[in-house]
Amino acid sequence: MTRVLVVDDEPQIVRALQINLKARGYEVHLAGTGTSALKVAAQHPPELVILDLGLPDFDGVDVIRGLRGWTDAPILVLSGRTDQTDKVEALDAGADDYVTKPFGIDELLARMRAVLRRSNVAQDQPVVTVGGAVVDLAAKRVTLESGEDVRLTPTEWHLLEVLVRNPGKLMSQRQLLTEVWGPGYETAGGNLRFYMGQLRRKLEPDPARPKHLLTEPGMGYRFEP
(Lines give C-alpha, C1' and ligand atoms only; values in the text may rest on other atoms or scores of the structure.)
Protein backbone atom coordinates (compact mmCIF):
# COMPACT_ATOMS: atom_id res chain seq x y z
CA MET A 1 0.00 0.00 0.00
CA THR A 2 1.54 3.31 -1.11
CA ARG A 3 1.70 5.93 1.66
CA VAL A 4 0.61 9.40 0.48
CA LEU A 5 0.90 12.66 2.42
CA VAL A 6 -1.67 15.27 1.39
CA VAL A 7 -0.76 18.83 2.42
CA ASP A 8 -3.56 21.33 1.84
CA ASP A 9 -5.63 23.72 3.95
CA GLU A 10 -8.82 23.59 1.85
CA PRO A 11 -11.20 21.15 3.62
CA GLN A 12 -13.20 20.28 0.49
CA ILE A 13 -10.11 19.36 -1.50
CA VAL A 14 -8.62 17.40 1.40
CA ARG A 15 -11.85 15.45 1.88
CA ALA A 16 -12.18 14.69 -1.85
CA LEU A 17 -8.58 13.51 -2.08
CA GLN A 18 -8.85 11.41 1.08
CA ILE A 19 -11.98 9.64 -0.17
CA ASN A 20 -10.68 9.02 -3.68
CA LEU A 21 -7.21 7.90 -2.65
CA LYS A 22 -8.41 5.55 0.09
CA ALA A 23 -10.93 4.05 -2.33
CA ARG A 24 -8.02 3.18 -4.61
CA GLY A 25 -5.96 1.53 -1.90
CA TYR A 26 -3.62 4.34 -0.88
CA GLU A 27 -2.67 4.92 2.75
CA VAL A 28 -3.43 8.62 3.31
CA HIS A 29 -1.99 11.03 5.88
CA LEU A 30 -3.11 14.65 6.11
CA ALA A 31 -1.56 17.99 7.05
CA GLY A 32 -3.03 21.47 6.81
CA THR A 33 0.10 23.54 7.47
CA GLY A 34 3.76 23.44 6.53
CA THR A 35 4.78 22.76 10.11
CA SER A 36 2.42 19.81 10.50
CA ALA A 37 3.44 18.51 7.06
CA LEU A 38 7.08 18.18 8.08
CA LYS A 39 6.07 16.62 11.40
CA VAL A 40 3.70 14.06 9.84
CA ALA A 41 6.28 13.23 7.15
CA ALA A 42 8.87 12.49 9.84
CA GLN A 43 6.43 10.25 11.72
CA HIS A 44 5.07 8.47 8.63
CA PRO A 45 7.67 8.75 5.83
CA PRO A 46 5.66 9.23 2.62
CA GLU A 47 6.19 7.48 -0.68
CA LEU A 48 4.42 10.36 -2.44
CA VAL A 49 3.56 13.92 -1.36
CA ILE A 50 0.68 15.99 -2.77
CA LEU A 51 1.37 19.58 -1.76
CA ASP A 52 -0.42 22.91 -2.03
CA LEU A 53 1.91 25.92 -2.16
CA GLY A 54 -0.46 28.34 -0.42
CA LEU A 55 -0.27 27.19 3.18
CA PRO A 56 -1.30 29.35 6.16
CA ASP A 57 2.02 29.31 8.04
CA PHE A 58 4.71 29.32 5.35
CA ASP A 59 5.15 28.79 1.64
CA GLY A 60 4.89 25.30 0.21
CA VAL A 61 8.25 25.76 -1.52
CA ASP A 62 9.85 25.79 1.92
CA VAL A 63 8.10 22.49 2.66
CA ILE A 64 9.61 21.05 -0.52
CA ARG A 65 13.08 22.17 0.57
CA GLY A 66 12.52 20.71 4.03
CA LEU A 67 11.45 17.35 2.63
CA ARG A 68 14.26 17.24 0.10
CA GLY A 69 16.72 17.47 2.97
CA TRP A 70 16.05 13.81 3.78
CA THR A 71 13.66 12.13 1.30
CA ASP A 72 13.55 11.44 -2.44
CA ALA A 73 9.81 10.68 -2.38
CA PRO A 74 8.07 12.23 -5.42
CA ILE A 75 6.41 15.58 -4.70
CA LEU A 76 3.39 16.53 -6.77
CA VAL A 77 2.45 20.19 -6.39
CA LEU A 78 -1.28 20.93 -6.47
CA SER A 79 -1.77 24.68 -6.56
CA GLY A 80 -3.97 27.51 -7.75
CA ARG A 81 -0.88 29.50 -8.72
CA THR A 82 -0.57 29.63 -12.51
CA ASP A 83 2.39 31.98 -12.85
CA GLN A 84 5.36 30.36 -14.58
CA THR A 85 7.74 31.76 -11.94
CA ASP A 86 5.92 29.84 -9.20
CA LYS A 87 6.15 26.62 -11.18
CA VAL A 88 9.87 27.04 -11.87
CA GLU A 89 10.56 27.89 -8.21
CA ALA A 90 8.75 24.73 -7.07
CA LEU A 91 10.64 22.59 -9.59
CA ASP A 92 13.96 24.17 -8.58
CA ALA A 93 13.21 23.35 -4.95
CA GLY A 94 12.72 19.67 -5.83
CA ALA A 95 9.10 19.11 -6.93
CA ASP A 96 8.54 16.40 -9.53
CA ASP A 97 5.38 17.68 -11.20
CA TYR A 98 2.86 20.53 -11.02
CA VAL A 99 -0.93 20.34 -11.36
CA THR A 100 -2.95 23.56 -11.45
CA LYS A 101 -6.26 23.92 -9.59
CA PRO A 102 -9.03 23.30 -10.48
CA PHE A 103 -8.11 19.77 -11.47
CA GLY A 104 -9.79 16.53 -12.47
CA ILE A 105 -9.30 13.57 -10.14
CA ASP A 106 -8.52 11.28 -13.10
CA GLU A 107 -5.73 13.59 -14.23
CA LEU A 108 -4.31 13.78 -10.72
CA LEU A 109 -4.36 10.00 -10.32
CA ALA A 110 -2.60 9.61 -13.68
CA ARG A 111 0.08 12.11 -12.63
CA MET A 112 0.51 10.24 -9.35
CA ARG A 113 0.99 6.93 -11.14
CA ALA A 114 3.48 8.55 -13.50
CA VAL A 115 5.71 10.09 -10.80
CA LEU A 116 5.65 6.86 -8.78
CA ARG A 117 6.55 4.86 -11.87
CA ARG A 118 9.38 7.23 -12.76
CA SER A 119 10.68 7.08 -9.20
CA ASN A 120 10.83 3.29 -9.33
CA VAL A 121 12.55 3.35 -12.72
CA ALA A 122 15.17 5.79 -11.50
CA GLN A 123 15.96 3.61 -8.48
CA ASP A 124 15.89 0.21 -10.15
CA GLN A 125 17.41 0.59 -13.63
CA PRO A 126 21.08 1.58 -13.98
CA VAL A 127 20.77 0.96 -17.76
CA VAL A 128 18.55 3.31 -19.78
CA THR A 129 17.71 3.41 -23.48
CA VAL A 130 17.76 6.73 -25.34
CA GLY A 131 16.58 6.21 -28.89
CA GLY A 132 18.97 3.68 -30.38
CA ALA A 133 21.60 4.15 -27.67
CA VAL A 134 22.06 2.35 -24.36
CA VAL A 135 23.22 4.42 -21.39
CA ASP A 136 24.92 2.37 -18.67
CA LEU A 137 25.02 4.64 -15.63
CA ALA A 138 27.15 2.28 -13.57
CA ALA A 139 29.79 1.83 -16.27
CA LYS A 140 29.51 5.45 -17.45
CA ARG A 141 29.26 4.21 -21.01
CA VAL A 142 26.97 4.88 -23.98
CA THR A 143 26.73 2.39 -26.83
CA LEU A 144 24.70 2.14 -30.03
CA GLU A 145 22.74 -0.96 -31.05
CA SER A 146 25.68 -1.84 -33.31
CA GLY A 147 27.93 -2.03 -30.24
CA GLU A 148 29.82 1.13 -31.19
CA ASP A 149 30.68 3.44 -28.30
CA VAL A 150 29.31 6.97 -28.31
CA ARG A 151 32.01 9.38 -27.24
CA LEU A 152 30.74 12.05 -24.85
CA THR A 153 32.66 14.89 -23.24
CA PRO A 154 32.59 15.01 -19.42
CA THR A 155 30.06 17.85 -19.54
CA GLU A 156 27.83 15.99 -22.01
CA TRP A 157 27.93 12.88 -19.82
CA HIS A 158 27.13 14.82 -16.64
CA LEU A 159 24.15 16.53 -18.29
CA LEU A 160 22.88 13.25 -19.73
CA GLU A 161 23.30 11.48 -16.38
CA VAL A 162 21.26 14.11 -14.51
CA LEU A 163 18.45 13.86 -17.07
CA VAL A 164 18.24 10.06 -17.28
CA ARG A 165 18.36 9.68 -13.50
CA ASN A 166 15.16 11.75 -13.44
CA PRO A 167 13.07 10.09 -16.17
CA GLY A 168 9.96 12.03 -17.10
CA LYS A 169 10.72 14.79 -14.59
CA LEU A 170 10.69 18.39 -15.78
CA MET A 171 14.11 19.80 -14.85
CA SER A 172 14.31 23.58 -14.84
CA GLN A 173 17.17 25.35 -16.59
CA ARG A 174 18.43 26.59 -13.23
CA GLN A 175 18.45 23.07 -11.77
CA LEU A 176 20.47 21.67 -14.66
CA LEU A 177 22.96 24.52 -14.74
CA THR A 178 23.57 24.24 -11.00
CA GLU A 179 23.85 20.43 -11.11
CA VAL A 180 26.20 20.30 -14.10
CA TRP A 181 28.19 23.54 -13.97
CA GLY A 182 27.83 24.46 -10.30
CA PRO A 183 26.85 27.63 -8.41
CA GLY A 184 27.32 30.87 -10.33
CA TYR A 185 26.19 29.47 -13.69
CA GLU A 186 22.43 29.79 -13.10
CA THR A 187 22.05 32.24 -16.00
CA ALA A 188 24.34 30.51 -18.49
CA GLY A 189 21.47 29.26 -20.64
CA GLY A 190 23.61 29.32 -23.79
CA ASN A 191 25.83 26.58 -22.38
CA LEU A 192 22.81 24.40 -21.69
CA ARG A 193 21.29 24.87 -25.16
CA PHE A 194 24.62 24.07 -26.80
CA TYR A 195 25.21 20.84 -24.90
CA MET A 196 21.60 19.69 -25.27
CA GLY A 197 22.05 20.16 -29.00
CA GLN A 198 25.23 18.07 -28.89
CA LEU A 199 23.50 15.25 -27.01
CA ARG A 200 20.59 15.23 -29.46
CA ARG A 201 22.96 15.00 -32.43
CA LYS A 202 24.72 12.03 -30.84
CA LEU A 203 21.71 10.17 -29.40
CA GLU A 204 18.46 11.15 -31.11
CA PRO A 205 17.61 9.43 -34.44
CA ASP A 206 16.21 12.77 -35.66
CA PRO A 207 17.88 15.59 -33.66
CA ALA A 208 15.54 18.20 -35.17
CA ARG A 209 12.53 16.30 -33.82
CA PRO A 210 13.74 14.81 -30.53
CA LYS A 211 11.61 12.17 -28.85
CA HIS A 212 13.61 11.68 -25.66
CA LEU A 213 15.62 14.81 -24.83
CA LEU A 214 12.78 17.31 -24.85
CA THR A 215 12.59 21.07 -24.38
CA GLU A 216 9.72 22.50 -22.35
CA PRO A 217 9.61 26.12 -23.61
CA GLY A 218 10.19 28.64 -20.85
CA MET A 219 10.48 25.88 -18.24
CA GLY A 220 13.42 23.56 -18.83
CA TYR A 221 14.13 20.09 -20.18
CA ARG A 222 12.75 16.58 -19.74
CA PHE A 223 14.03 13.09 -20.50
CA GLU A 224 11.30 10.78 -21.77
CA PRO A 225 12.38 7.11 -21.90
Side-chain angles (χ1 to χ4, degrees), residues 47-48 64 67-76 87-88 90-98 110-225:
E47 295 167 84
L48 171 68
I64 297 173
L67 291 170
R68 281 289 170 257
W70 61 274
T71 179
D72 292 325
I75 299 174
L76 178 59
K87 295 181 180 181
V88 171
L91 293 166
D92 279 342
D96 293 86
D97 206 346
Y98 196 109
R111 296 286 191 98
M112 289 173 58
R113 291 192 296 269
V115 295
L116 285 168
R117 185 166 59 246
R118 294 195 296 259
S119 176
N120 290 334
V121 168
Q123 293 173 10
D124 297 340
Q125 295 189 8
V127 177
V128 180
T129 301
V130 182
V134 176
V135 180
D136 188 328
L137 296 172
K140 294 187 179 295
R141 183 182 182 189
V142 182
T143 54
L144 300 176
E145 292 177 338
S146 62
E148 179 185 356
D149 284 337
V150 178
R151 298 184 65 180
L152 299 181
T153 68
T155 300
E156 288 169 353
W157 170 261
H158 196 174
L159 178 58
L160 178 64
E161 183 178 26
V162 172
L163 288 166
V164 299
R165 284 191 184 279
N166 295 276
K169 179 178 178 179
L170 174 58
M171 304 289 289
S172 73
Q173 176 174 288
R174 184 185 181 91
Q175 275 180 302
L176 289 171
L177 287 168
T178 302
E179 286 268 0
V180 178
W181 282 271
Y185 286 85
E186 293 87 346
T187 60
N191 288 0
L192 190 51
R193 288 190 294 274
F194 173 78
Y195 281 100
M196 284 297 296
Q198 291 289 91
L199 286 176
R200 285 169 178 153
R201 280 190 285 275
K202 293 181 179 183
L203 302 178
E204 291 276 5
D206 185 353
R209 296 178 179 81
K211 295 182 178 180
H212 304 285
L213 301 172
L214 306 180
T215 299
E216 298 285 352
M219 298 287 286
Y221 297 90
R222 187 194 305 268
F223 165 62
E224 286 293 347

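Throughout, residue positions are numbered sequentially from 1 according to the sequence presented.
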Next on the checklist: Run the side chain to side chain contact (heavy atoms under 4.5 Å, CB included) test against Arg113 and tell me which residues pass, sequence neighbours left out.
Outcome noted: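 So Arg113 forms a side chain to side chain contact (heavy atoms under 4.5 Å, CB included) with Tyr26, Leu109, Ala110, Arg117.
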Nearest 0.5 angstrom please: [X] [atom1] to [Y] [atom2], how far?
X	Y	atom1	atom2	result
Leu177	Leu159	CG	CG	9.0 Å
Leu116	Arg111	CG	CZ	13.5 Å
Asp97	Met112	CG	CE	12.0 Å
Thr155	Gln198	OG1	CD	11.0 Å
Leu163	Gln175	CG	CD	10.5 Å
Asn166	Glu161	CG	CD	10.5 Å

- Using atom types as modelled and distance alone, determine if a side-chain donor or acceptor of Asp206 lies under 3.5 Å from a backbone N or O of Ala208.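 A pair under 3.5 Å: yes.
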Item checked: Short side-chain to backbone donor-acceptor contact, Asp96 and Ile75, under 3.5 Å ->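 Looks like yes, one N/O pair under 3.5 Å.
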Taking only residues two or more places apart in sequence or in another chain, which ones pass salt bridge (charged side-chain N to carboxylate O under 4.0 Å, His left out) with Arg193?
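Testing Arg193 for salt bridge (charged side-chain N to carboxylate O under 4.0 Å, His left out), a comparison that skips the adjacent residues, returns none.
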- Task: Applying salt bridge (charged side-chain N to carboxylate O under 4.0 Å, His left out), name anything that partners Arg174, two or more places apart in sequence or on another chain.
- Result: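 Not a single residue meets the salt bridge (charged side-chain N to carboxylate O under 4.0 Å, His left out) criterion with Arg174.
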Checklist entry - Picking from Val180, Leu152, Thr153, Leu176, what satisfies side-chain contact (heavy atoms from CB on, under 4.5 Å) with Tyr195? => result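 Running side-chain contact (heavy atoms from CB on, under 4.5 Å) over Val180, Leu152, Thr153, Leu176 with Tyr195 returns exactly one hit, Thr153.
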Going by side chain to side chain donor-acceptor pair (under 3.5 Å), name the pairs with one or both residues in residues 216-225, residues two or more places apart or in two chains.
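Matches after skipping sequence neighbours: Glu216-Arg222.
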Should [X] and [Y] count as side-chain neighbours, where that means a heavy-atom distance under 4.5 Å?
X	Y	value
Leu213	Phe223	yes
Val150	Val135	no
Met171	Lys169	yes

- Could you list all the salt bridge (charged side-chain N to carboxylate O under 4.0 Å, His left out) pairs where at least one residue sits in residues 194-205, not counting sequence neighbours?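 As it turns out, the salt bridge (charged side-chain N to carboxylate O under 4.0 Å, His left out) pairs with a partner in residues 194-205, which skip direct neighbours, are Glu156-Lys202.
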Write down the atom of [X], the atom of [Y], and the distance for their closest heavy-atom approach.
X	Y	result
Gly168	Pro225	N-CD, 4.3 Å
Thr71	Ala73	OG1-N, 3.0 Å
Pro210	Pro207	CD-O, 3.4 Å

Does CZ in Arg68 sit with more than 12 non-hydrogen atoms of other residues, nucleotides or ligands closer than 6.0 Å?
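Correct, the count exceeds 12.
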Under 3.5 Å donor-acceptor pairs involving side-chain atoms of residues 126-133, not counting sequence neighbours:
none

### Task
Walk me through it: do Val88 and Met219 pass the test side chain to side chain contact (heavy atoms under 4.5 Å, CB included)?
CA-CA 7 Å; Val88 171; Met219 298 287 286; 4.0 Å; yes
